[in-house]
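Beneath this line is the structure, given in structure tokens, with notes to follow.
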2 protein chains.
Amino acid sequence: MVDAKPSRGVQRREALLQAATDVFLEQGYAATSIDAIIERAGGSKRNIYSEFGNKENLFTAIVAANAAKAVAALAIEEIDARDLRSTLTVFGHRLMDIYMSPSLLGVYRVIISESQRFPALVKKFYNQGPGRASARLAEVLEQARARGDIETADCVKAADHFVSMIRGNLHLQVLVGLRSPPRAKEVAEMVESVVELFLRGVTAR
Amino acid sequence: MVDAKPSRGVQRREALLQAATDVFLEQGYAATSIDAIIERAGGSKRNIYSEFGNKENLFTAIVAANAAKAVAALAIEEIDARDLRSTLTVFGHRLMDIYMSPSLLGVYRVIISESQRFPALVKKFYNQGPGRASARLAEVLEQARARGDIETADCVKAADHFVSMIRGNLHLQVLVGLRSPPRAKEVAEMVESVVELFLRGVTAR
DNA sequence: GTCTATATTGCGATAGAC
DNA sequence: GTCTATCGCAATATAGAC
């Protein structure tokens, strides 16, 4: 799996992408200058323009890459769906980890800020991220309903509710810098609280 | 209650604030030029600088004003708390209306985009908005628990869950322009779905 | 390096309030 | 009529894409 030796060109490109990621996701699109990226990556501005053409291209490239990375981390297909409580708990933890990761927080910030300017980026991000997570969870819930484990009018809505509770005010607070990301203990308590409320809310009785 | 006749100075100020609100909340802080505001409000740039000093002051003024307006619309103290289901339903509808109002959506966008640049604004917004809503709902839930109507380990967390479900993916989708705000019917269905899940999740049995 | 965009300021002309 | 807020327009200065 390890590529033997990246060519110098590839290395340059990676370095530029990394520097761009750091600056864009922290400062936002408008506030980021090409100079700031070069300051981090070294080299010459000329380099960025020959690699990426312009600022917008560089931006969309790094956002798409980071969003894809987050999606991969969710690995939602691999979750064992036999026991609903453990399924939801594992799923909740993965979601929470992703929501609290600095890179996805950055993606959220820029996606929200620049949604008018880059609608295509928004669509891609949503469908691969929150949309896919909700859709996959809805499938799991449908199965549980078919087994008679739960009873709920609308599995799609229920999945949305679960994902929204996991995101929660915590995500918003961290997103705007009102507080630092939670420690493992707090995460566990929050996930447990969500799973508990959710399960009681949908379980057949 | 009607003030007889606003002086010319006050009228000018209002017009400037309104134009600034329109442009800032749609375009964001960085993308908004003073020229664009003047184009809308008419008059001279000089005026803005003598009224507000600089762009930052104008920005914080309009954000604070719009956030305060949303808080007032929540009118959370006036909600009758005797029957929990109707309380939650009414509360849910008010929250949803506010979350879907163009001005609060704009405030969300700029607050998230400019959180690093204006941390004080963020704090004020959060404490008066989402924070206060959650806190007030937590009080209502405490009362219900004292009456034995519900049983939940942590009313503060439960309140957070409720508010987060109401906000939900819907808010995110509208926020980033992925879809238009929901019609009354869809709102009602969503609120009902949330209330149902929540009540079943916390009701004593 | 070039060129555009834009925040901020200066100042004489003008229009309402009194 | 005076007086003051407002206007129109130009000038300055800086930043940043390319």
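Within every chain, numbering begins at 1; the chains are lettered A, B, ... in the order of the sequence lines, protein sequences first and strands thereafter.
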**Q.** Donor-acceptor pair under 3.5 Å, B:K45 side chain vs C:dT9 base
**A.** no

Q.
Applying side chain to side chain donor-acceptor pair (under 3.5 Å), can you list everything that pairs with A:R167, at least two apart in sequence or on another chain?
A. A:Y99, B:N169

Q) Which residues within residues 14-43 of chain B lie with some heavy atom under 4.0 Å of an atom in DNA chain D? A) B:G43

Q) Who pairs with B:A144 by side chain to side chain contact (heavy atoms under 4.5 Å, CB included), at least two apart in sequence or on another chain? A) B:L84, B:R147, B:D149, B:I150

(Q) If the condition is salt bridge (Lys or Arg N to Asp or Glu O under 4.0 Å), which residues does B:E139 pass it with, not counting sequence neighbours? (A) B:R136

**Q.** side chain to side chain contact (heavy atoms under 4.5 Å, CB included) against B:E192, all qualifying residues, sequence neighbours excluded
**A.** none

Q) Hey, are B:K45 and B:E39 close enough for a salt bridge, meaning a charged N less than 4.0 Å from a carboxylate O? A) no

Q: Quick one: list whatever passes side chain to side chain donor-acceptor pair (under 3.5 Å) with B:E196, sequence neighbours left out.
A: B:R85

Q.
Once salt bridge (Lys or Arg N to Asp or Glu O under 4.0 Å) is applied, do any residues pair with B:E142, and if so which ones, sequence neighbours excluded?
A. B:R145

Q: Give a yes/no answer on whether the side chain of B:Y49 brings an N or O atom under 4.0 Å of OP1 or OP2 in C:dT9.
A: no

**Q.** Qualifying residues under side chain to side chain contact (heavy atoms under 4.5 Å, CB included), relative to A:S193, sequence neighbours excluded
**A.** B:K157, B:H161

Q.
Can you list, in residue-number order, the parts of residues 50-58 of chain A that come under 4.0 Å of DNA chain C, counting heavy atoms only?
A. none

Q | Partner residues of B:F59 under the ring-ring contact (aromatic ring centres under 6.0 Å, His included) criterion, sequence neighbours left out | A | B:F24, B:Y29, B:F118

Q.
Quick check for you: among D:dC18, D:dT6, D:dG8, whose closest atom lies nearest to any side-chain atom of B:N47?
A. D:dT6

Taking N or O atoms only and anything under 3.5 Å, show me the protein contacts with nucleotides 13-15 of chain D, one pair per line.
none

Q: With sequence neighbours left out, write down each residue that passes side chain to side chain contact (heavy atoms under 4.5 Å, CB included) with B:S50, or none if nothing qualifies.
A: B:N47

Q) Using 4.0 Å as the upper bound for N to carboxylate O, is an ion pair formed by B:E186 and B:R183? A) no

Q. Could a donor-acceptor pair under 3.5 angstrom be found where the side chain of B:R46 meets the base of C:dG10?
A. yes

Q: With heavy atoms under 4.0 Å as the rule, sort B:R12 into base, sugar-phosphate or nothing.
A: sugar-phosphate

Q.
In whole Å, I'd like the distance from the CD1 atom of B:I48 to the P atom of D:dG8.
A. 13 Å

